[in-house]
Amino acid sequence: MSLLGTETAFEVLAKAKRLEAQGKDIVHLHIGAPDFLTPPNIVAAGEKALRDGWHKYTPAKGIPELREAVCEDILTHRGAEVSPDDVLIVPGGKPTMFYAIMMFGEPGKEILYPNPGFPIYESLIRWSGATPVPIELLEENGFSFSAQRVLEQITPNTSLLIINTPANPTGGVLPREELDLLVAGLEAHPHVTILCDEIYSRLLYDGEEHVSILQYPEVRDRAIMLDGWSKTYAMTGWRLGYGVWPSTIIDHAERLQINSSSCANAVTQVAAIEALRGPQDAVDAMCAAFDERRLIIHEELNAIPGFSCVMPKGAFYAFPNTSGTGVASRELEERFLNDAGVACLAGTSFGALGEGYMRFSYANSIENIREGLRRVAANLESA
Ligand code: PLP
């Protein structure tokens, strides 16, 4: 168990709640959850599902109608045709990565993963006994990677390659050309399966397009695509996500589900059909609000002495370079929380390559963003 890591966002949340219980005022710029309510049509569908008696287990793979709705959504937003047979509905975005890493990770195997990146990848890779091999995401490349460099890191022991676009914590977006090159290069490495975490696919700005691994028929037989409802529909607490799996291995994933959660929550699944098939204007409105905040947080972060921040292109995180302050990221995290009352995350919460950076979530009101950054600037000035 000592190999298993964690997601520091939940630890900082607990610390912030303790400080609030002591009467301290905390601005929350750490958690990756939209600050909006779930759109009312989705909530109404959930309420109706409860009244209609959706109180039992569903098939382990999910309600067939929901799996069909997922396929329609993939066709609309990714232009890819997928069979409902290859869709596994799971309780959140995380189970798909859990199942994939459990399936492909074991001692002697190597798994490539983004660093800085979502911390659960590295945590699960270590726990599985496999060797984590970081794909460096560098600020000077817009926090993307060079396909050439990734291909060079593949060895006969590489079992899984994890990609995340748009990315947490950097807000970076993988350009189509780079994914084209990666997929072309993978032809020489047929033993490598790809897990593409696309949970922020609808949160893109400045006309950026989402490039999905499902758009590459040449790797469909070894690509797993992760998405879910948490971020797009402000449904983090409902716990619902899905994976599109190669038909050769989806039965194993289903078995992992039967051994862990049986199935995702039935009421949530019914509400999720409404999320996908109902009006999408709430998604557009949330995205427009995040965009406005993105421009503000970018400008305000760059005005803080010692900080410099590239423009995030997707998700709802800004990842400023804070090395100009001369203070280590973890120390800044503690100082900002304890002394300034601002919860944000050290870049090192996302891997060793996050040193010299901090993650600020802009899933909060403009007023709170401005207040949080005013406190951060004042804290640095007074030091
Ligand atoms: N993947 C990425 C990149 C994330 O940032 C998150 C949540 O922050 C998840 C997956 C997990 O999503 P969920 O909360 O639906 O499990």
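These figures come from a predicted structure and were not determined experimentally. Indexing begins at 1, ligand by ligand and atom by atom, following the structure's order. Scope of the values below: all heavy atoms of this structure, side chains included, with no hydrogens, waters or symmetry mates. Numbering of residues begins at 1 and proceeds along the displayed sequence.
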Sequence neighbours excluded, every pair satisfying side-chain hydrogen bond (donor to acceptor under 3.5 Å, both in side chains) that has a member inside residues 307-324: Glu139-Asn321, Tyr200-Tyr317, Asn321-Ser323
Phe104: ring-ring contact (aromatic ring centres under 6.0 Å, His included) partners, not counting sequence neighbours: none
Under 3.5 Å side-chain donor-acceptor pair for Ser329 and Glu355: yes
Pairing residues for Ser365 by the side-chain hydrogen bond (donor to acceptor under 3.5 Å, both in side chains) criterion, not counting sequence neighbours: Asn368
Under 3.5 Å side-chain donor-acceptor pair for Tyr357 and Thr170: no
Donor-acceptor pair between Gln269 and Thr58 side chains, under 3.5 angstrom: yes
Near ligand 1, at a heavy-atom separation below 4.0 Å: residues by chain and residue number: Gly92, Gly93, Lys94, Met97, Phe118, Tyr121, Asn164, Asn168, Asp197, Ile199, Tyr200, Ser230, Lys231, Arg239
